[in-house]
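Please read the structure below before turning to the comments.
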Amino acid sequence: MLHACCGPCSITPVLRLQDQGLAPTLYFYNPNIHPLTEYLRRREGLLAVGERLNVPVILPDQQAPPPGEQNAADPAIWLQAMAALGPDMNDMARRCPLCYELRLARAARAARELGFTRFSSTLLYSKYQNHQAILDAGARHAGRGLAFLGQDFRPGWDEGIRLSKEWEIYRQPYCGCVLSEHDRYRKKISLKA
Ligand code: SF4
């Protein structure tokens, strides 16, 4: 099972795993993505990649959540986790590892439930993510019959960009959460001396 953050970041990891004779299944679990319109655009992009590469895509937001849990697309899942950080949520070094943890924990749980023996994440493709923190989160959730494949997909960075453009897959302009969206325009707020 390959946890997928979006379409463009999924292309190279799927191709590399297929090169190795593996048959990945994509799993879209990203309650960090804000707003819902953006979530839906990335989800649509992932479905297009799945179709192109003949790879199944699991959408947990289409399944009834376990008792006491929110729908997989509900941003309250991410917001509740971040609330524990207080003002430190503005620090990417604090919030991003927690964001990976949240997503990979759910992916690992689903992988076990569905009988997969290995899992990984397309987050390992991005040059902009904290690679070591993703590896650490994956390793924490491995075990009990599930291995984490901590493959570095970043050498295929250019390939993923090229193919996503050729295939006209939606390419997002910010990482995903409301704070990363805010960071895009933060410089426009200049305090007057
Ligand atoms: S910047 Fe990206 S990885 Fe970090 S918390 Fe926001 S969505 Fe998650």
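Order of listing sets the numbers, starting from 1, for every ligand and every atom in it. Just so you know, these numbers use all the heavy atoms, side chains as well, and skip hydrogens, waters and symmetry mates. For reference, positions follow the sequence shown, starting with 1.
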If you measure from each non-hydrogen atom of [X] to ligand 1, which part falls under 4.0 Å: side chain, backbone, both or neither?
{"X": "Q129", "value": "side chain"}
{"X": "S180", "value": "side chain"}
{"X": "R103", "value": "side chain"}

So which atom in D61 and which in N71 form the shortest heavy-atom distance, rounded to 0.1 Å?
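The answer is O-ND2, 3.1 Å.
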Quick one: nearest non-hydrogen protein atom to [atom], plus distance?
{"atom": "atom 6 (Fe) of ligand 1", "answer": "C177 SG, 2.3 Å"}
{"atom": "atom 4 (Fe) of ligand 1", "answer": "C96 SG, 2.3 Å"}
{"atom": "atom 8 (Fe) of ligand 1", "answer": "C99 SG, 2.4 Å"}
{"atom": "atom 2 (Fe) of ligand 1", "answer": "C175 SG, 2.2 Å"}

Measuring from non-hydrogen atoms of N32 to any atom of ligand 1, is the shortest distance under 4.0 Å?
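The answer is yes: ligand 1 sits under 4.0 Å from a heavy atom of N32.
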Non-hydrogen atom of Y174 closer than 4.0 Å to ligand 1:
no
With hydrophobic residues grouped by side-chain heavy-atom distances under 4.5 Å, do Y174 and W157 end up in a single group?
no
Taking it one step at a time, do H3 and N30 satisfy side chain to side chain donor-acceptor pair (under 3.5 Å)?
CA-CA 9 Å; H3 163 261; N30 304 289; 3.2 Å; yes
Side chains of P31 and Q70: closer than 4.5 Å at any heavy-atom pair?
no
Is the shortest heavy-atom distance from the side chain of L2 to the side chain of P13 under 4.5 Å?
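Yes; the side chains approach each other to less than 4.5 Å.
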Examine distances only and state if a side-chain atom of Q20 and a backbone atom of R16 form a donor-acceptor pair shorter than 3.5 Å.
yes
More than 12 non-hydrogen atoms from neighbouring residues, nucleotides or ligands closer than 6.0 Å to CD on E44, yes or no?
no
Give the atoms of ligand 1, by number and element, whose distance to some non-hydrogen atom of Y100 is under 4.0 Å.
3 (S)
